[in-house]
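All values reported here derive from a predicted model rather than from experimental measurement. Because only heavy atoms are used, hydrogens play no part in the values below, and waters and symmetry mates are left out as well, while side chains stay in. Counting convention: from 1, in listed order, for ligands and their atoms alike. Residue numbers start at 1 and run along the sequence shown.
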Amino acid sequence: MHACGKKGRCTTCKMIVLQGMENLSPETGPELAYRQQGRLRTDERLSCQSVLLQGELLIRVAKINQFPHIAYTE
Ligand code: FES
């Protein structure tokens, strides 16, 4: 989900990074703020704030952020 329109204000786009964290762009201000507040774990990034710079990325979407009409694989 991208409830805030990709402005880094909602965390509904949160992704749990299983592999490839090193391939993402540096954390943005909103991500650092959420991390300081304990709302973003070290294995999580906001998809609206991060860019895949190289290689591959394997993620999981937390149940709370999943759409009911989409089938997610684990
Ligand atoms: S879409 Fe709201 S924080 Fe990413």
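- Both Ile59 and Leu24 are assigned to one and the same hydrophobic cluster, defined by single-linkage of ILVMFWY side chains at heavy-atom distances under 4.5 Å.
- In summary, the atoms of ligand 1 found under 4.0 Å from a heavy atom of Cys4, numbered by their order in the structure, are 1 (S), 2 (Fe), 3 (S).
- Every atom of ligand 1 is numbered from 1 in the order shown, and the set under 4.0 Å from a heavy atom of Gly8 is 3 (S).
- Side-chain contact between Gln49 and Glu27 is absent, with no heavy-atom pair separated by less than 4.5 Å.
- Contacts between Gln49 and ligand 1, counted as non-hydrogen atom pairs separated by less than 4.0 Å, are absent for every part of the residue.
- Under the 4.5 Å side-chain heavy-atom criterion for ILVMFWY residues, a single connected hydrophobic cluster contains both Leu52 and Val17.
- Considering atom 4 (Fe) of ligand 1 as centre, the angle to SG of Cys13 and to SG of Cys48 is 100° (10° rounding).
- Atom 2 (Fe) of ligand 1 lies at 2.8 Å or more from every N, O or S atom belonging to His2.
- Note that the CZ atom of Arg60 and the CE atom of Met15 stand 13.5 Å from one another [nearest 0.5 Å].
- Less than 4.0 angstrom separates some heavy atom of Lys6 from each of these atoms of ligand 1: 1 (S).
- In the hydrophobic cluster analysis, where Ile, Leu, Val, Met, Phe, Trp and Tyr join through side-chain heavy atoms closer than 4.5 angstrom, Ile70 is grouped together with Val61.
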